[in-house]
Visitor: 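A single structure is presented below for examination.
Ligands are counted one by one from 1 in listed order, and the atoms in each one are counted from 1 as well.
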Amino acid sequence: MSSEDQVHATRIEQRLRSAADAMIDLAAPQENYKKLIEDGGFFDTGQGFAMSYDRANTEFVLRNQPLFSSRVTMNLGNVRPMIPLNVDPPNHSKYRKLLDPLFAPRVMDAQEEDITQRANGFIDAFIDRGECNFTEEFAELFPASIFLGLCGLPEAEMRSFLDMRDYILHPAKKVPGAGEDLSKRQVSLDKGAELIYGYFTDLIAKREAEPADDLISRFLAAEVGGDRLSHEDILDIMFLFVIAGLDTVSDSLTCFFAFLAQHPDHRRQIVEDPAVIPAAVEELLRWESPVPGGVPRVATEDVLLPGGQLVKEGTAVRVSYGAADIDEATFGDPFEVRFDRETNPHIAFGAGVHRCLGSHLARRELRIVLREWHRRIPEYRLKPGHEQLEYPQGLRHVKDLMLSWS
Ligand code: HEM
């Protein structure tokens with residue numbers, strides 16, 4: 001992608017974000033989504049960007065890859081496209097063929113014990129206190145710890161992972177003023193990118209010299225039809241993993257536990273019958289849709305959507321997974337949060353060729369946390385005095401979710 005394209009894409013992304021954010025109450029977005037679907041489900045600004053809310057249009061955009069390209073950049077400090085998110089087929093399929101087997105459900109079976117131990121380790125640290133800042137003491141640390149395990153790295157490396165994540169995804173935490181000032185934000189993004197490229201360049205060299213039973217060694221050894229991943233490929237994959245695999249799980253956990261702390265009947269179903277947990281995870285993913293929207297897709301020609309709207313060539317369309325997940329056309333009773341749905345075709349992990357590579361890992365993490373937490377802390381609530389929850393901009397998450405139990 002040329003730098004001109006990148007600037008264009010960044011501008012589009014920023015405008016899409018501000019337009020979308022202005023309309024949605026992140027604490028309880030479902031009513032907003034419903035209204036947007038009732039109002040036509042598609043919003044074209046006429047200035048090169050549009051948003052899709054209804055399920056049929058959204059699926060069409062996501063599943064018709066030749067018509068909608070994801071070769072855009074979000075300007076996160078990366079110097080090349082992130083793999084595989086910003087790669088279109090046929091190259092995209094080459095990468096997924098290499099990557100999918102490394103994240104298959106049976107591979108995740110082997111992680112069960114490690115993930116369980118790590119979840120319990122964090123709970124051990126605060127269980128006797130009778131309260132915790134769930135966001136800071138559990139949700140933000142747990143997925144990073146799982147990644148350390150996958151990369152064969154010790155817990156002492158946690159700070160490096162959190163720094164890489166925060167410089168890119170939470171610039172205001174790292175660089176004063178980066179929340180409002182674009183040039184300060186860029187300083188933070190560049191620093192994050194420098195850390196990611198430096199850290200993983202070193203790790204790749206180490207694993208190449210001495211292979212281990214870990215993710216980078218598997219990337220180095222992976223081969224499909226004579227194709228192997230270059231070092232740059234691995235860096236571009238790891239860049240995406242740092243931003244796609246950490247906050248998404250943290251954010252889901254804060255949304256899930258905020259819901260369960262406020263809905264004792266749902267919480268009791270999990271405590272009394274842990275077999276309901278896989279269904280509960282799917283339903284909470286649907287209802288909360290922690291990743292509310294996707295990477296914009298740019299129309300490669302004029303396209304007529306199933307809803308009848310014409311998308312002009314070059315228009316960037318951002319889909320809302322959250323809205324698609326409460327669309328009555330797919331779910332007869334979308335506003336009921338039910339752990340006994342027979343089928344749950346939510347698209348919280350996306351749809352089409354770019355559907356989440358880490359969904360089996362994410363599900364495993366979420367199921368294990370729900371199981372271990374409710375086994376050890378069955379009764380909990382929002383800590384008195386902290387009932388007002390804050391859902392900041394960005395992916396849906398609760399800042400400083402304070403839980404207490406006796
Ligand atoms: C609950 C947690 C998660 C949610 C809700 C989630 C959601 C998503 C969504 C919606 C997409 C599609 C983006 C698009 O098409 O624009 C996606 C893609 C992706 N996710 Fe996840 N994700 C989660 C966890 C993870 C984890 C743990 C990993 C770590 C490996 C991961 C890696 C990826 C990758 C690599 C892609 C790009 C796939 C491609 O382009 O082919 N995700 N995710």
Visitor: In the protein, what heavy atom is nearest to atom 36 (C) of ligand 1, and what distance, to one decimal place, separates them?
Guide: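 So the nearest neighbour among protein heavy atoms is L357 N, 4.0 Å.
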Visitor: What protein heavy atom is closest to atom 26 (C) of ligand 1, reported as residue, atom name and distance in Å?
Guide: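 Checking every protein heavy atom, the shortest distance to atom 26 (C) of ligand 1 gives G245 CA, 3.5 Å.
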Visitor: Can you list the ligand 1 atoms lying under 4.0 Å from a non-hydrogen atom of H92?
Guide: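 In order of numbering, the contacting atoms are 39 (C), 40 (O), 41 (O).
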Visitor: So is N86 in contact with ligand 1, going by heavy-atom distances below 4.0 Å?
Guide: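 Flag not set, N86 not near ligand 1.
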Visitor: Which of these, T248, D88, V319, L366, has its nearest heavy atom closest to atom 3 (C) of ligand 1?
Guide: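 Among T248, D88, V319, L366, the closest heavy atom to atom 3 (C) of ligand 1 belongs to T248.
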Visitor: Compute the ring centroids of F103 and F241, then answer whether they are less than 6.0 Å apart.
Guide: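 They qualify: ring centres under 6.0 Å apart.
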Visitor: Just wondering, do I127 and W405 contact through their side chains at under 4.5 Å, heavy atoms?
Guide: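 The answer is yes; the side chains approach within 4.5 Å.
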Visitor: Quick check on the 6.0 Å ring-centre criterion: do F219 and H231 meet it?
Guide: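 Ring centres of H231 and F219 not closer than 6.0 Å.
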Visitor: If the cut-off is 4.0 Å to any non-hydrogen atom of G350, which atoms of ligand 1 fall inside it?
Guide: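 Numbered from 1, ligand 1 contributes 10 (C).
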Visitor: Do D213 and R218 sit within salt-bridge range, that is, some charged N less than 4.0 Å from a carboxylate O?
Guide: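 Result for this pair is yes, salt bridge flagged.
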Visitor: What atoms in ligand 1 come closer than 4.0 Å to a heavy atom of Y321?
Guide: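 Matching atoms, with element in brackets: 10 (C), 12 (C), 13 (C), 14 (C), 15 (O), 16 (O).
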Visitor: If you measure from each non-hydrogen atom of L85 to ligand 1, which part falls under 4.0 Å: side chain, backbone, both or neither?
Guide: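 Answer for L85: both.
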Visitor: Can you confirm if the aromatic rings of F134 and W373 lie within a centre distance of less than 6.0 Å?
Guide: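 Ring-ring flag for W373/F134: true, centres closer than 6.0 Å.
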Visitor: For ligand 1, which atoms have a heavy atom of F241 less than 4.0 angstrom away?
Guide: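 Answer, ordered by atom number: 35 (C).
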Visitor: Applying a heavy-atom cut-off of 4.0 Å, say which part of C356 lies close to ligand 1: side chain, backbone, both or neither.
Guide: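 Answer for C356: both.
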Visitor: Checking the N or O distance criterion of under 3.5 Å, is ligand 1 in contact with H354?
Guide: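 For ligand 1, there is an N or O atom that lies under 3.5 Å from one belonging to H354.
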Visitor: Considering heavy atoms of the protein only, find what lies nearest to atom 35 (C) of ligand 1 and give residue, atom and distance to 0.1 Å.
Guide: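 Looking only at protein heavy atoms, the one closest to atom 35 (C) of ligand 1 is L240 CD2, 3.5 Å.
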Visitor: Would a 4.5 Å heavy-atom cut-off, applied to side chains only, mark Q111 and I146 as touching?
Guide: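 Heavy-atom side-chain distance check fails, nothing below 4.5 Å.
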Visitor: Hey, does M164 have a side-chain heavy atom less than 4.5 Å from the side chain of M238?
Guide: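 In short, these two side chains do not touch, never coming nearer than 4.5 Å.
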Visitor: Pick whichever of G358, A348, S359 has a heavy atom sitting closest to atom 7 (C) of ligand 1.
Guide: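 That would be A348.
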Visitor: With side chains defined as the heavy atoms from C-beta onward, is the minimum distance between M158 and L153 less than 4.5 Å?
Guide: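 They are not in contact (no side-chain heavy atoms under 4.5 Å apart), so the answer is no.
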Visitor: With a cut-off of 4.0 Å, which atoms of ligand 1 are near a heavy atom of P84?
Guide: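 The list of qualifying atoms is 38 (C), 39 (C), 40 (O), 41 (O).
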Visitor: Relative to the heavy atoms of R297, which atoms of ligand 1 are at a distance of less than 4.0 Å?
Guide: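 The list of qualifying atoms is 14 (C), 15 (O), 16 (O).
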Visitor: Applying the ring pair (Phe, Tyr, Trp, His ring centres under 6.0 Å) criterion to F257, which one of H397, H266, H374 satisfies it?
Guide: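 Answer after filtering H397, H266, H374: H374.
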Visitor: What's the shortest distance from atom 6 (C) of ligand 1 to any protein heavy atom, and which residue and atom give it?
Guide: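 Going atom by atom, the protein heavy atom closest to atom 6 (C) of ligand 1 ends up being F349 CD2, 3.7 Å.
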Visitor: Give the atoms of ligand 1, by number and element, whose distance to some non-hydrogen atom of A362 is under 4.0 Å.
Guide: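 So the answer, numbered in order with elements, is 1 (C), 2 (C), 24 (C).
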Visitor: Considering only the protein, which heavy-atom contact is closest to atom 1 (C) of ligand 1, and what is its distance?
Guide: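 Closest protein heavy atom to atom 1 (C) of ligand 1: S252 OG, 3.2 Å.
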Visitor: Is the Y197 to F239 ring centre distance short of 6.0 Å?
Guide: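 Ring-ring flag for Y197/F239: true, centres closer than 6.0 Å.
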Visitor: When you measure from atom 25 (C) of ligand 1 to every protein heavy atom, which one gives the shortest distance, and what is it?
Guide: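 Here the closest protein heavy atom is A244 O, 3.4 Å.
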Visitor: Please confirm whether P290 approaches ligand 1 to less than 4.0 Å, judged on its heavy atoms.
Guide: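 P290: no contact with ligand 1 (<4.0 Å).
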Visitor: Return yes or no for this condition: an N or O of R355 is under 3.5 Å from an N or O of ligand 1.
Guide: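 N/O-N/O distance below 3.5 Å does not exist for this pair.
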Visitor: Taking distance alone, with N or O pairs closer than 3.5 Å, would you say V295 contacts ligand 1?
Guide: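 Min N/O separation from ligand 1 is below 3.5 Å for V295.
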Visitor: Report the part of Y95 (side chain from C-beta onward, or backbone N, CA, C, O) that has a heavy atom under 4.0 Å from ligand 1; answer both or neither where that applies.
Guide: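 Neither; no heavy atom under 4.0 Å.
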Visitor: Relative to F49, does R318 satisfy both conditions: NZ or CZ under 6.0 angstrom from the six-membered ring centre, and within 45 degrees of the ring's axis?
Guide: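 Verdict for F49: no cation-pi partner in R318.
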Visitor: Give a yes-or-no answer on whether the side chains of S52 and N57 include a donor-acceptor pair shorter than 3.5 Å.
Guide: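 No, N57 and S52 have no side-chain donor paired with an acceptor closer than 3.5 Å.
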Visitor: Within the 3.5 Å criterion, strictly below it, is a donor on Y53 or D39 matched to an acceptor on the partner's side chain?
Guide: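 Side-chain D/A pair, Y53 to D39: absent.
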Visitor: Under 3.5 Å, is there a donor on one side chain and an acceptor on the other for D327 and T330?
Guide: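 There is no such pair (donor and acceptor under 3.5 Å, judged by atom type) between the side chains of D327 and T330.
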Visitor: Quick one: which ligand 1 atoms are inside 4.0 Å of a heavy atom on V353?
Guide: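 Result: 41 (O).
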